[in-house]
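In what follows, a single structure is set out as structure tokens and then discussed.
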Amino acid sequence: MSARHFLSFKDCTPDELNGLIRRGMELKDLRNRGVLFEPLKNRVLGMIFEKASTRTRLSFEAGMIQLGGQAIFLSPRDTQLGRGEPICDAARVMSRMLDAVMIRTFAHSTLTEFAANSRVPVINGLSDDLHPCQLLADMQTYQEHRGSIKGKTAAWIGDGNNMCNSYIEAAIQLDFQLRVACPEGYEPDARLLEEAGDRVQVVRDPREAVAGAHLVSTDVWASMGQEDEAAERMALFRPYQVDRALLDAAAEDVLFLHCLPAHRGEEISEDLLDDPRSAVWDQAENRLHVQKALLEFLVEPAYHHA
Ligand code: CP
Ligand code: NVA
């Protein structure tokens with residue numbers, strides 16, 4: 001199959017990623033100025049959600065409508081996917097009717113298998129391994145608030161989860177340093193760490209990770225699908241809460257990001273989202289703009305009139 005997919009940051013070159021971020025900023029400006037821009041008229045995005053979502057669903061759905069197209073929400077609960085229809089068969093059928101498919105799933109292999117059998121672009125809306133669309137928004141937000149991330153240092157505090165893995169891929173592709181502070185046994189993907197080499201450092205002490213960092217980010221301690229481990233994780237991750245004092249140990253112009261949803265009093269202190277160093281609301285909004293840039297990049301423009 002020849003379609004271009006976005007399953008990870010590795011599916012684009014650094015130039016393409018920077019182009020998407022720039023384009024996200026342009027599309028944001030167009031929307032703020034009330035300019036209609038509908039290159040995807042008649043185009044349809046299918047969205048398969050095996051897990052809950054607020055931002056991802058809304059941003060893709062609103063984004064497609066704003067670009068002139070439509071989005072269809074597909075839940076395994078009421079499609080044949082939930083009754084065991086093989087992914088490869090679903091991909092063949094769906095991709096004959098849709099112009100792109102976004103999937104939020106557990107096993108990353110669901111995405112790769114769907115993509116291998118799809119005629120149209122497949123977008124990773126989060127898997128257990130990666131969350132690349134969120135990283136596009138994070139990188140756009142950093143660019144808007146502080147300029148280029150190239151050569152800067154980011155710190156990831158807490159669980160070495162899907163977000164952390166995507167931060168590693170972003171560090172490789174966009175050329176910045178990353179320090180990960182996590183408890184033993186909760187490290188990010190070992191192969192990604194090996195690939196990143198000196199670019200990524202894993203430490204145990206959050207203060208060591210944030211020292212001089214320009215960007216600090218964290219995420220929930222128990223991701224979707226890990227609900228059974230929540231109590232155990234709560235106790236173990238307690239020393240990894242990000243609060244104002246921890247940000248004080250970072251660079252003076254540090255930017256705090258969180259993909260949301262956040263748990264105040266757990267991975268962040270009650271007051272952190274109100275700190276002037278936090279840009280989480282812009283970050284959430286940027287999901288819309290940068291994913292519109294991604295859809296514009298991946299999906300063929302509108303049909304010609306007959
Ligand atoms: N950050 C993010 O992906 O949010 P949702 O789970 O609400 O989509
Ligand atoms: N790591 C979290 C991110 C949610 C947007 C999860 O996978 O649940």
Side-chain angles (χ1 to χ4, degrees), residues 6-9 24 45-64 71 73-76 101-111 123-142 156-170 180-183 186-189 192 215-230 232-234 236-237 240-242 256-264 266-268 272-273 278-292 294-295:
F6 187 68
L7 308 188
S8 97
F9 251 43
L45 172 74
M47 306 188 299
I48 301 171
F49 280 95
E50 290 181 357
K51 294 174 175 172
S53 168
T54 297
R55 280 144 288 268
T56 304
R57 178 176 176 182
L58 259 181
S59 52
F60 273 110
E61 194 160 334
M64 275 307 287
F73 174 79
L74 299 157
S75 154
V101 181
M102 188 243 78
I103 307 176
R104 169 166 285 197
T105 185
F106 291 88
H108 193 76
S109 58
T110 301
L111 277 157
I123 298 170
N124 180 358
L126 180 145
S127 67
D128 286 348
D129 294 0
L130 295 169
H131 197 3
C133 289
Q134 182 66 53
L135 257 289
L136 285 176
D138 287 30
M139 294 298 100
Q140 179 180 334
T141 309
Y142 190 84
W156 177 266
I157 310 300
D159 191 16
N161 62 11
N162 43 10
M163 277 297 298
C164 181
N165 288 333
S166 281
Y167 259 93
I168 296 175
E169 291 197 338
V180 176
C182 62
Y186 294 86
E187 291 82 8
D189 185 89
L192 273 180
L215 187 169
V216 172
S217 192
T218 187
D219 188 11
V220 290
W221 290 338
S223 284
M224 290 181 276
Q226 297 171 335
E227 288 77 10
D228 293 353
E229 300 170 32
E232 185 191 336
R233 284 169 169 264
M234 262 350 106
L236 198 66
F237 281 86
Y240 291 85
Q241 184 183 81
V242 180
F256 175 74
L257 298 178
H258 188 311
C259 65
L260 306 178
H263 294 72
R264 290 174 175 84
E266 293 178 16
E267 78 275 5
I268 53 164
L272 199 69
L273 300 186
S278 158
V280 297
W281 313 122
D282 289 342
Q283 177 189 5
E285 179 188 331
N286 284 338
R287 292 291 303 277
L288 171 69
H289 307 299
V290 79
Q291 286 165 200
K292 282 167 74 178
L294 179 67
L295 290 164

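Order of appearance sets the numbers: ligands from 1, and atoms from 1 within every ligand.
- The salt bridge (charged side-chain N to carboxylate O under 4.0 Å, His left out) search around Glu61 returns Arg57, not counting sequence neighbours.
- When all heavy atoms are compared, the tightest approach of Val280 to Leu260 is O-CD1, 4.1 Å.
- For Glu232, the salt bridge (charged side-chain N to carboxylate O under 4.0 Å, His left out) criterion is met by no residue, not counting sequence neighbours.
- Looking at atom 6 (O) of ligand 1, its nearest protein heavy atom turns out to be Arg104 NH1, 2.8 Å.
- Within ligand 1, the atoms closer than 4.0 Å to a non-hydrogen atom of Thr54 are 5 (P), 7 (O), 8 (O), numbered from 1 in the order shown.
- The aromatic rings of Phe6 and Phe9 are tilted relative to each other, their planes meeting at an angle between 30° and 60°.
- With a 4.0 Å cut-off on non-hydrogen atoms, His131 touches ligand 1 through its side chain and not its backbone.
- With a 4.0 Å heavy-atom cut-off, ligand 1 is reached by the backbone of Leu260 but not by any atom from C-beta on.
- Here Asn124 contributes atom CG and His131 contributes atom NE2; the two are 8.0 Å apart, rounded to the nearest 0.5 Å.
- The only option from Leu111, Leu130, Asp129 that meets the side-chain contact (heavy atoms from CB on, under 4.5 Å) definition with Leu7 turns out to be Leu111.
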Measure from every N or O atom of ligand 2 to the protein's N or O atoms and keep only the pairs below 3.5 Å, writing each with atom names and distance to 0.1 Å.
from     : atom 1 : to     : atom 2 : distance (Å)
ligand 2 : 1 (N)  : Asn161 : ND2    : 3.4
ligand 2 : 1 (N)  : Asn162 : OD1    : 2.9
ligand 2 : 1 (N)  : Asp219 : OD2    : 2.6
ligand 2 : 1 (N)  : Ser223 : OG     : 2.7
ligand 2 : 7 (O)  : Asn162 : ND2    : 2.8
ligand 2 : 7 (O)  : Ser223 : OG     : 3.4
ligand 2 : 8 (O)  : Met224 : N      : 2.8

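- The atoms of ligand 1 that sit less than 4.0 Å from any heavy atom of Cys259 are 1 (N).
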Kindly indicate, with the supporting measurements, whether the criterion salt bridge (Lys or Arg N to Asp or Glu O under 4.0 Å) is fulfilled by Arg287 and Asp138. CA-CA 8 Å; Arg287 292 291 303 277; Asp138 287 30; over 6 Å; no
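- Side-chain contact check for Cys182 versus Trp156: every heavy-atom pair is 4.5 Å or farther apart.
- Counting protein heavy atoms only, atom 2 (C) of ligand 1 is closest to Arg287 NH1, 3.3 Å.
- Counting protein heavy atoms only, atom 4 (O) of ligand 1 is closest to Arg55 NE, 2.9 Å.
- Val290 is linked by a side-chain contact (heavy atoms from CB on, under 4.5 Å) to Leu136, Ala137, Gln140, counting only residues two or more places apart in sequence or in another chain.
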